[in-house]
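Everything numeric in this text was worked out from a predicted model, so none of it was measured. Convention: sequence-line order gives letters A, B, ...; per-chain numbering from 1.
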Amino acid sequence: MAQDENWLEACAADDIDEEDVIRFDYEDRSFAIYRSEDSEYFATDGHCTHEKVHLANGFVMGKIIECPKHNGRFDYTTGAVKKAPACVDLKTYPVKVEAGKVYIRIG
Amino acid sequence: MSTSQTKRDYSLTGPENRRAQERGLAAAEWYETPIPRKRLKELMKRKDGPAIRDTIVWLVLLTGAGIAAYRSWGTWWAVPAFFVYGLLYASPGDSRWHECGHGTAFKTSWMNEVVYQFSSFLVLRPATPWRWSHARHHTDTYVVGRDPEIHQPRPPVWRIIIMQFAHLYGGPRDIKRMFMHAFGVIDKEEKEFIPETEYRKTFWESRAYVVIFAIVIAACLYTSSILPAMFIVLPSFYGACLMVVFGMIQHLGLHEDVLDHRLNTRTVYMNPVFRFLYWNMNYHIEHHMFPMVPYHALAALHEEMKGDCPKPNRSTWEAFSEVIRALLKQRKDRDYTIRRELPPTAQPYQYGPSEVSRVRGGTETTTA
Ligand code: FES
């Protein structure tokens with residue numbers, strides 16, 4: 001895996017469908033990488049802030065990720081909570097796409 | 001077969017809560033039927049159309065039954081008219097409360113929220129506490145000491161079952177809690193699943209309910225008649241029977257303390273009228289396994305999953321009589337459990353952590 005100034009290569013850009021999410025694990029951490037309807041890429045912590053459920057099994061609607069367990073919602077572009085039972089914002093991470101690869105900076 | 005009759009403590013504040021956590025049953029990973037992501041995304045797609053249509057149909061039917069009930073007041077026709085009004089008030093109130101609480105019925109968030117608040121009042125379930133209670137029910141479905149929505153302990157309490165057909169157990173309990181919330185008090189059990197950040201909202205919602213109660217009581221006193229309450233508040237009692245049947249067939253008689261909804265949840269084929277009233281929650285294994293799939297796609301989800309699930313009950317009556325038979329057996333043998341056979345195409349059941357399988361797994365029996 002390419003690693004440069006904390007930029008980690010997470011996946012190929014077309015590994016993720018438009019308006020979808022995939023899981024990316026690095027060491028003991030887990031992330032969710034999103035591709036929006038207009039093919040912009042975003043990254044957040046992988047687990048919901050309500051319970052330890054991975055958001056990569058959730059449902060992406062526009063800029064919203066819905067958690068698969070209790071339908072809590074977050075804006076994955078900012079991490080902001082949008083619907084209970086999630087109450088705590090998600091941590092987000094910078095993302096860049098270069099030469100068809102998605103990189104995230106976990107810092 | 002074990003015939004132990006030692007009673008377990010079903011409260012969330014007793015020793016079973018800690019035991020469930022020690023056994024790895026709390027907030028655990030549950031079995032999921034493998035469905036290709038592409039197909040699942042199609043099934044999870046949200047729409048406003050079906051829920052708007054169903055809500056209009058519901059409100060038109062409710063209004064029609066209400067007019068008939070009003071006109072027949074003072075005659076014997078009022079009995080069937082109010083019965084129908086009560087059924088149309090409570091059963092869809094319950095299912096709309098449920099689906100809109102998940103936020104999946106409508107695509108548009110505010111529509112879910114409006115119908116959620118409205119139907120929460122109809123079934124007298126304060127909106128915020130019940131949202132949290134239901135989240136816990138999904139995390140720890142039928143895990144003793146963790147799930148606040150276990151319908152009956154083992155052995156069952158028949159007095160409560162009978163009272164519930166007129167909402168006379170849950171109703172007064174929720175009204176009592178509503179008054180406590182209105183005065184800023186949360187009970188010990190609720191503290192287990194409602195986070196403190198939600199208390200304020202809980203208090204204000206309950207105050208709104210108290211105001212509506214006061215208006216209804218004032219209208220009854222003003223008109224010297226119980227008629228206003230027959231339209232608001234009381235239907236959640238006299239119209240509860242079908243909602244109770246639907247509630248009882250969801251999980252009762254099946255396993256406790258397992259991590260696979262195929263073992264503790266029942267899918268039942270229902271007639272179209274019941275499916276409308278219940279908003280397809282008869283596909284209950286499907287709903288629990290994939291709560292992101294909206295009610296209008298549950299029949300299609302069932303088609304995807306049925307090769308991995310036990311045979312559904314063929315009718316509401318078949319499911320209800322199976323539950324009653326199991327509850328009668330549990331009077332004598334608390335551990336009596338219905339075990340459903342899986343089709344040959346299915347993945348094996350996931351009972352849960354090994355200790356749980358050892359403790360509870362040897363107590364199964366099979367019914368027809
Ligand atoms: S685990 Fe995500 S909303 Fe509950």
Side-chain angles (χ1 to χ4, degrees), chain A residues 11-25 28 30 32-37 39 45-90, chain B residues 26-30 32 34-38 40-48 98-110 112-113 116 127-141 146 193-199 201-202 287-294 297:
Chain A
C11 58
D14 53 13
D15 283 348
I16 319 176
D17 290 338
E18 278 175 10
E19 221 181 3
D20 206 358
V21 54
I22 63 166
R23 176 178 182 142
F24 168 59
D25 293 329
D28 56 352
S30 192
I33 318 272
Y34 307 83
R35 180 174 171 182
S36 71
E37 287 164 296
S39 281
D45 269 339
H47 291 103
C48 181
T49 56
H50 176 225
E51 285 174 10
K52 203 166 180 283
V53 170
H54 210 289
L55 294 167
N57 297 323
F59 185 47
V60 177
M61 295 170 277
K63 292 190 180 339
I64 298 294
I65 173 72
E66 183 174 282
C67 173
K69 191 73 184 178
H70 309 111
N71 311 84
R73 290 183 187 174
F74 304 89
D75 179 334
Y76 62 80
T77 68
T78 63
V81 166
K82 292 293 173 188
K83 181 180 169 291
C87 292
V88 178
D89 291 349
L90 265 179
Chain B
E29 204 169 308
W30 285 69
E32 255 181 35
I35 296 182
R37 173 93 182 147
K38 194 167 172 304
L40 196 54
K41 274 173 66 180
E42 285 165 9
L43 293 166
M44 292 189 290
K45 263 232 151 25
R46 305 300 154 78
K47 296 176 187 166
D48 282 331
H98 176 265
E99 271 303 278
C100 295
H102 279 281
T104 50
F106 298 88
K107 183 177 180 185
T108 308
S109 299
W110 68 261
N112 280 312
E113 197 52 32
Y116 181 66
T128 296
W130 273 89
R131 192 193 295 279
W132 288 90
S133 151
H134 197 64
R136 175 65 76 80
H137 171 62
H138 271 264
T139 302
D140 297 324
T141 312
R146 298 286 302 171
F193 53 83
I194 310 176
E196 271 180 49
T197 49
E198 297 289 289
Y199 287 1
K201 211 158 130 202
T202 300
H287 165 67
H288 264 276
M289 221 182 263
F290 298 103
M292 287 184 302
V293 174

Does a side-chain heavy-atom distance below 4.5 Å link His47(A) with His54(A)? yes
Whether Trp132(B) and His50(A) hold their rings parallel, tilted or perpendicular, with breakpoints at 30° and 60°: perpendicular
Which of His288(B), His102(B), His138(B), His134(B) touches chain A most, by non-hydrogen pairs under 4.5 Å: His102(B)
Checking Glu198(B) against chain A: side chain, backbone, both or neither under 4.5 Å from a heavy atom? side chain
For Glu66(A), is it the side chain, the backbone, both, or neither that has a heavy atom closer than 4.5 Å to a heavy atom of chain B? both
What part of Thr128(B) gets within 4.5 angstrom of chain A, counting heavy atoms only: side chain, backbone, both, or neither? neither
Is it the backbone or the side chain of Lys83(A) that comes under 4.5 Å from a heavy atom of chain B, or both, or neither? side chain
Are the side chains of Cys67(A) and Leu55(A) in contact, using a 4.5 Å heavy-atom criterion? yes
Checking Asp17(A) against chain B: side chain, backbone, both or neither under 4.5 Å from a heavy atom? side chain
Asn112(B) side chain vs Phe106(B) backbone, donor-acceptor pair below 3.5 Å: yes
If you apply the rule side chain to side chain contact (heavy atoms under 4.5 Å, CB included), what do you find for Met289(B) with Trp30(B), and how did you get there? CA-CA 8 Å; Met289(B) 221 182 263; Trp30(B) 285 69; over 6 Å; no
